[in-house]
Amino acid sequence: MRYACPACKSKNISFFRKWLSVPAVPAKCKSCEAYSFAHRNSGGTGIVVSALLMTLLGFLAAYLKSGWPLLIGGVFVVGYYFWHWHTVSLESIPADSVKAARQAETVWGISWFLLIFFN
């Protein structure tokens, strides 16, 4: 499945690139070479709902002494995850914002490395 570039509307961005796109590593349109990323606007609601559902199904599986509730719940959660990423919209991002995000990620990564290495 291909997704439309928000700048030129040509469908040439793959699900994998959409899924991995963040401001520091955006998807790049093959037609107009514009950058875009999938905005994570759900606020983590999906993972919280999925974790709560899997916990409840874990209790049900223990009560029933069967793994079927966990298996069915796992299939549902994985399906929900991919559906969520399918429906998230791509947003354009200017090249200077990409550069700033990459610099911020570099500083953040170096800071974590120094904190862990010298602690």
Side-chain angles (χ1 to χ4, degrees):
M1 175 161 272
R2 298 284 183 182
Y3 298 92
C5 168
C8 70
K9 306 297 184 218
S10 65
K11 291 190 172 195
N12 60 16
I13 297 174
S14 69
F15 178 82
F16 186 70
R17 283 301 310 139
K18 179 181 179 182
W19 177 49
L20 293 178
S21 64
V22 293
V25 187
K28 188 174 183 180
C29 178
K30 294 176 184 174
S31 299
C32 67
E33 297 191 0
Y35 292 115
S36 61
F37 73 103
H39 185 55
R40 279 112 172 113
N41 57 357
S42 66
T45 305
I47 196 156
V48 171
V49 170
S50 298
L52 182 62
L53 177 66
M54 289 305 291
T55 301
L56 292 174
L57 289 172
F59 287 129
L60 179 63
Y63 177 76
L64 296 175
K65 296 180 182 164
S66 171
W68 284 106
L70 282 175
L71 180 65
I72 293 168
V75 168
F76 174 78
V77 166
V78 169
Y80 172 76
Y81 179 79
F82 284 113
W83 173 82
H84 171 74
W85 280 110
H86 171 69
T87 59
V88 169
S89 62
L90 284 166
E91 295 182 17
S92 293
I93 184 169
D96 57 336
S97 295
V98 172
K99 184 178 178 182
R102 287 178 178 165
Q103 289 172 345
E105 290 287 326
T106 302
V107 170
W108 184 251
I110 291 171
S111 300
W112 270 106
F113 171 76
L114 292 174
L115 180 67
I116 292 169
F117 187 74
F118 290 110
N119 195 352

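In the hydrophobic clustering of ILVMFWY residues, with side-chain heavy atoms under 4.5 Å counting as a link, Leu60 and Met54 come out together. In terms of hydrophobic clustering, with Ile, Leu, Val, Met, Phe, Trp and Tyr side chains grouped at heavy-atom distances under 4.5 Å, Val77 and Trp68 are assigned to different clusters. Leu90 and Val98 sit in two unconnected hydrophobic clusters of ILVMFWY residues. Membership requires side-chain heavy atoms under 4.5 Å apart, directly or through other members. Under a hydrophobic-cluster definition in which Ile, Leu, Val, Met, Phe, Trp and Tyr are linked whenever side-chain heavy atoms come within less than 4.5 Å, directly or via other members, Phe16 and Phe37 are assigned to different clusters. Under the 4.5 Å side-chain heavy-atom criterion for grouping Ile, Leu, Val, Met, Phe, Trp and Tyr, Tyr63 is not connected to Ile72 through any hydrophobic cluster.
Crowding of Phe76 atom CZ: a count of heavy atoms from other residues, nucleotides or ligands under 6.0 Å not exceeding 12. No more than 12 heavy atoms of other residues, nucleotides or ligands sit less than 6.0 Å from atom CZ of Phe82.
From Arg17, atom CZ reaches atom SG of Cys29 across 12.5 Å, with rounding to the nearest 0.5 Å. Residue Ser31 holds its OG atom at 13.0 Å from NZ of Lys11, rounded to the nearest 0.5 Å. Here OG of Ser21 is found 11.0 Å from OH of Tyr3. Values are rounded to the nearest 0.5 Å. To the nearest 0.5 Å, the span separating CG on Leu64 from CG on Leu57 amounts to 10.0 Å.
For the pair Ala7 and Ser92, the tightest heavy-atom approach, listed with the atom from each and the gap, is N-OG, 3.9 Å. Contact detail for Ile93 and Pro23: the closest heavy-atom pair is CD1-CB, 3.7 Å.
The main-chain N or O of His86 is found under 3.5 Å from a side-chain atom of Lys18 such that the two form a donor-acceptor pair. Although no hydrogens or angles enter the test, the distance criterion places a donor-acceptor pair under 3.5 Å between the side chain of Arg102 and the main chain of Ala24. Listed for the Lys30 side chain is no donor-acceptor partner under 3.5 Å among the backbone atoms of Ser10.
Counting heavy atoms from C-beta outward, Ser14 and Arg2 have side chains that approach closer than 4.5 Å. Residues Lys28 and Asn12 are not in side-chain contact: their nearest non-hydrogen atoms beyond the backbone lie 4.5 Å or more apart. Looking at Val49 and Leu52, their side chains never come closer than 4.5 Å, going by heavy atoms from C-beta outward.
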Next item on the list: Would you sort out whether Leu20 and Val25 count as a side-chain contact (heavy atoms from CB on, under 4.5 Å), showing the intermediate values?
Entry: CA-CA 8 Å; Leu20 293 178; Val25 187; over 6 Å; no

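Between Trp85 and Tyr81, the ring planes lie perpendicular to each other; the angle is over 60°, past the 30° to 60° tilted range.
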